Amino acid sequence: MCIISGSPPELYLANRLDRDTSGVMLITKSHKVASKMVKAFTDHKVTKTYIALCIGPAPKWEKITVKSVHGHSKFGAYRVYAASDVGRVLPGVSMVKDMETSFEVLSINGQGCFKERSEFRKDEENTVVVEEKAVIDSYVKKDEVVVRYYPRNGRTHQIRLHCRYLGIPIIGDVKYEGVKEWKGKSYDGHELRAEEDSLDIIRLFAFVGCKLEFCAWT
């Protein structure tokens with residue numbers, strides 16, 4: 001047991017996760033450092049990866065990138081809009097913004113092996129540009145799919161929305177059509193985990209150039 005004497009130190013949060021999402025959280029002892037790191041996240045200078053367990057038909061792709069835009073529906077929930085709608089102003093004066101996520105399948109029904117995270121090189125042949133609403137067959141055979149995600153933006157519920165669009169919603173994510181029960185087990189929250197955050201430290205501070213990587217415990 002560690003006993004801290006005197007006043008507890010002030011700590012500052014440098015990033016955030018959606019409720020029910022587990023994984024990497026960055027906490028600093030310096031408000032200045034936290035502010036710089038928050039700006040790095042806002043300016044998309046941090047490479048983030050996530051891993052999730054999804055339920056749906058086994059993808060025919062190993063890697064894919066989805067481009068769409070993000071905004072509220074008329075009922076207030078977030079939804080995927082066609083990429084051509086970018087900049088459109090919605091009721092309530094909110095504007096739809098671009099949203100891009102890359103996906104990498106790690107295993108299907110337990111078949112496959114864990115791959116170390118690497119730089120995701122997307123190509124136009126494996127890029128889906130959303131122009132219409134996805135049609136999902138609820139009666140098709142469902143598989144367990146473990147996927148790694150590389151979000152290019154930080155839109156609210158971005159990964160969860162794109163998973164639903166691809167027909168492989170995250171298990172436990174009932175808000176976006178994920179199953180609550182699977183093989184006799186009930187899930188109270190979605191199975192999405194922030195895997196790793198990395199950034200070039202020289203971009204933030206006057207240090208010798210190096211790369212910082214923060215990984216979630218397995």
Side-chain angles (χ1 to χ4, degrees), residues 14-18 20-26 37-56 58-71 78-81 83 86 96-108 112-130 134 144-173 176 178 190-201 203-204 210-218:
N15 71 325
R16 65 173 181 81
L17 296 175
D18 287 345
D20 293 336
T21 300
S22 61
V24 176
M25 293 294 296
L26 304 183
M37 297 188 79
V38 167
K39 189 174 188 307
F41 277 96
T42 303
D43 294 343
H44 309 301
K45 293 179 179 177
V46 179
T47 301
K48 299 181 286 185
T49 60
Y50 294 76
I51 290 180
L53 172 61
C54 303
I55 302 298
K60 294 180 173 60
W61 42 265
E62 181 181 351
K63 294 183 178 182
I64 199 170
T65 297
V66 178
K67 292 182 176 181
S68 70
V69 294
H70 170 276
Y78 291 103
R79 57 160 286 193
V80 170
Y81 284 85
V86 66
V96 292
K97 300 178 180 180
D98 64 306
M99 177 168 70
E100 180 179 329
T101 312
S102 295
F103 297 76
E104 177 183 18
V105 173
L106 298 182
S107 73
I108 297 174
C113 59
F114 182 82
K115 305 171 186 176
E116 291 294 331
R117 187 190 70 80
S118 60
E119 183 180 356
F120 188 98
R121 298 184 181 278
K122 63 179 181 178
D123 60 76
E124 295 304 317
E125 290 186 4
N126 292 320
T127 297
V128 174
V129 179
V130 175
E144 294 181 3
V145 186
V146 178
V147 184
R148 174 180 282 133
Y149 310 92
Y150 302 78
R152 310 292 176 177
N153 322 90
R155 311 300 181 207
T156 304
H157 300 174
Q158 174 172 335
I159 293 172
R160 298 161 63 188
L161 286 164
H162 276 164
C163 282
R164 180 177 67 173
Y165 178 83
L166 290 174
I168 48 171
I170 300 169
I171 192 168
D173 190 8
Y176 296 114
H190 53 71
E191 293 294 292
L192 175 63
R193 182 180 182 85
E195 179 191 27
E196 182 173 306
D197 294 330
S198 64
L199 66 157
D200 291 325
I201 200 68
R203 294 180 180 178
L204 299 181
C210 64
K211 191 173 187 178
L212 280 183
E213 293 188 348
F214 303 92
C215 303
W217 287 47
T218 57

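None of these values were measured; they are calculated from a predicted model. Just so you know, these numbers use all the heavy atoms, side chains as well, and skip hydrogens, waters and symmetry mates.
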Quick check for you: to the nearest 0.5 Å, what is the distance between [X] atom [atom1] and [Y] atom [atom2]?
X	Y	atom1	atom2	answer
Glu144	Ile171	CD	CD1	6.5 Å
Leu161	Ser68	CG	OG	8.0 Å
Leu53	Ile168	CG	CD1	10.5 Å
Glu191	Ile51	CD	CD1	12.5 Å
Gln158	Arg160	CD	CZ	12.5 Å

Taking all non-hydrogen atoms of both residues into account, name the closest pair between [X] and [Y] and its distance.
X	Y	value
Met99	Val69	CE-O, 3.9 Å
Ile108	Val145	CG1-CG1, 4.4 Å
Ala194	Thr21	N-CG2, 4.2 Å
Ala14	Val38	O-CG2, 3.5 Å
Ile170	Cys54	CG1-SG, 4.0 Å

Q: For Arg155, enumerate each residue passing the salt bridge (charged side-chain N to carboxylate O under 4.0 Å, His left out) test, keeping only those at least two apart in sequence or located in another chain.
A: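 Per chain and number, Arg155 pairs via salt bridge (charged side-chain N to carboxylate O under 4.0 Å, His left out) with Asp98.
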
Just wondering, do [Y] and [X] contact through their side chains at under 4.5 Å, heavy atoms?
X	Y	value
Glu195	Val24	no
Ser102	Arg152	yes
Leu106	Arg148	yes
Leu166	Pro59	no
Tyr176	Ile159	no

(Q) Just to verify, what does His190 make a side chain to side chain donor-acceptor pair (under 3.5 Å) with, not counting sequence neighbours? (A)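 Once residues adjacent in sequence are excluded, His190 has no partner under the side chain to side chain donor-acceptor pair (under 3.5 Å) criterion.
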
Q: Evaluate the criterion side-chain contact (heavy atoms from CB on, under 4.5 Å) for residue pair Phe41 and Arg16; output intermediate values, then yes/no.
A: CA-CA 10 Å; Phe41 277 96; Arg16 65 173 181 81; over 6 Å; no

(Q) Against Glu104, only a single residue in Tyr149, Tyr150, Trp61 fulfils side chain to side chain donor-acceptor pair (under 3.5 Å); can you say which? (A)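 Of the listed options, the one satisfying the test is Tyr150.
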
Q | ring pair (Phe, Tyr, Trp, His ring centres under 6.0 Å) partners for Tyr78, two or more places apart | A |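 Result, ring pair (Phe, Tyr, Trp, His ring centres under 6.0 Å) vs Tyr78: His70, His72, His157.
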
**Q.** Whether Asn153 side chain and Glu100 backbone form a donor-acceptor pair below 3.5 Å
**A.**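 Yes; at least one donor-acceptor contact below 3.5 Å.
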
Q: Indicate yes or no for a side-chain donor-acceptor contact from Asn15 to the backbone of Leu26 under 3.5 Å, with no hydrogens or angles considered.
A: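 Looks like yes, one N/O pair under 3.5 Å.
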
